[in-house]
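The structure appears right after this line, and notes come after that.
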Amino acid sequence: MPARLFPSGDPTMFEEFWRGTGAAAEIVIPGWQTMSYFSDVGNVCWFLEPGLDQEVRRVHRLVGNAAVDGYHVVVGTGSTQLFMAALYALSPPAGAGAGAAPMSVVSTAPYYSSYPAVTDFLRSGLFRWAGDASSFRGDTYIELVCSPNNPDGAIREAVLSSAGSGVAVHDLAYYWPQYTAITKRADHDVMLFTVSKSTGHAGTRIGWALVKDRDVARKMAKFIELNTIGVSKDSQLRAAKVLRAVSDAYELPEAGDARRRRLFDYGRRKMVERWRMLRGAAAASGIFSLSEETSALCNFTKEMAVTNPAFAWLRCDREDVEDCAGFLRAHRILTRSGDQFGADPRYVRVSMLDRDDAYDIFVKRLSSLR
Ligand code: PMP
């Protein structure tokens, strides 16, 4: 396999957990099932499997991280497709008078490197990447708000006021108890989630959007209809089963060894341990700094919880190292350079979700650098 494929941050850490869940997260699909294009013709999102709709709402009610009542669920091939669907839905339609100029798409730096890449790769006439939200001037825009933020784990709010005709899309891929305290029930207009980061099933390619406005939901579904005529039903059924196993372990405690099968408990334990190891390695090395640890009361666990971002945003403090990614690569540590996130190349982003063996090697190598 080439060393640097496009998606980094592969959440393989979670394999260990799912190896232990047995039949609770398995599905069997007979040859005649899931053959039709259609799932629920009465729904705005006509290709959404009702069982997935139900489990998505259930897990949000359990965790308390997002409001679902009064929201439409739109399913996508990963939240990446939903991100594109949101840009399509929120841009003025082609030929709409003042909408002649493409809509500006912005996000505060450091921002997820896919935002500019995905926004501009087809050179759409509807929207175009306009960079860092904090230096944007204008009142027609789509602001992407990622919280906790990829790459630096910061808890974020929109920085542009929605006074003009600006709108925000909230990417809440990491707003789950293994990464951060759940401090409020998010109730933004468009919120994106994905099994990639919540349960670790990135390969299933299922994401969902919670959308307040029916017309926006309808346009997002239209984008997906034009793009892929819906979303794999097989994957939706699998995602529904996996989400059901997550909720069952909390809501049906009589189900045998449910405590052992609690995903968020497992994830938080694991992330706390990994962050402890990383901070130890950075201290031993003496040439790296990491963002401060913050904590808050988690409404889900009712306990204080520290933030354990899915990525480390690591800064090399050695004066002679201007390209931290290059420096680490020379020491056989692969990271993504800060400049891909609209930030200083003294920073790099490191995935915290790799398998144990790879993570252990990374920490060991890092701690030995001087
Ligand atoms: N949003 C953010 C902030 C992400 O980090 C990622 C994955 N790296 C995605 C979206 C994409 O998720 P998906 O696999 O659902 O397309």
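Order of appearance sets the numbers: ligands from 1, and atoms from 1 within every ligand. Note: hydrogens, waters and symmetry copies are ignored here, and every other heavy atom, side chains too, is used.
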What class does the angle between the rings of [X] and [Y] fall in, given that below 30° is parallel, 30 to 60° is tilted and above 60° is perpendicular?
| X | Y | value |
| --- | --- | --- |
| His188 | His170 | parallel |
| Phe288 | Phe327 | tilted |
| Tyr141 | Phe136 | perpendicular |
| Trp313 | Phe341 | perpendicular |

Using a strict threshold of under 4.0 Å (side-chain N to carboxylate O), is an ion pair present between [Y] and [X]?
| X | Y | value |
| --- | --- | --- |
| Arg346 | Asp317 | no |
| Asp215 | Lys219 | yes |
| Arg355 | Asp357 | no |

>> Measuring from atom CH2 of Trp208 to atom CG of Leu243, what distance do you get when rounded to the nearest 0.5 angstrom?
In response: 5.0 Å

Below 4.0 angstrom from a heavy atom of [X], which ligand 1 atoms are there? Numbered from 1 as shown, please.
| X | answer |
| --- | --- |
| Ser196 | 13 (P), 14 (O), 15 (O) |
| Arg205 | 13 (P), 14 (O), 16 (O) |
| Cys146 | 3 (C) |
| Thr80 | 11 (C), 13 (P), 16 (O) |

Of all the non-hydrogen atoms in the protein, which one sits nearest to [atom], and at what distance?
| atom | result |
| --- | --- |
| atom 9 (C) of ligand 1 | Tyr112 OH, 3.6 Å |
| atom 10 (C) of ligand 1 | Ser79 OG, 3.3 Å |
| atom 1 (N) of ligand 1 | Asp171 OD2, 2.6 Å |
| atom 7 (C) of ligand 1 | Lys197 CE, 3.2 Å |

>> Between ligand 1 and Tyr115, is the shortest N or O to N or O distance under 3.5 Å?
In response: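 No.
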
> What about Thr77: any of its N or O atoms under 3.5 Å from an N or O on ligand 1?
Replying inline: no

> Does Tyr174 have a heavy atom less than 4.0 Å from any atom of ligand 1?
Replying inline: yes

> Is the closest heavy atom of Gln81 to ligand 1 under 4.0 Å?
Replying inline: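 The answer is no: ligand 1 sits nowhere under 4.0 Å from a heavy atom of Gln81.
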
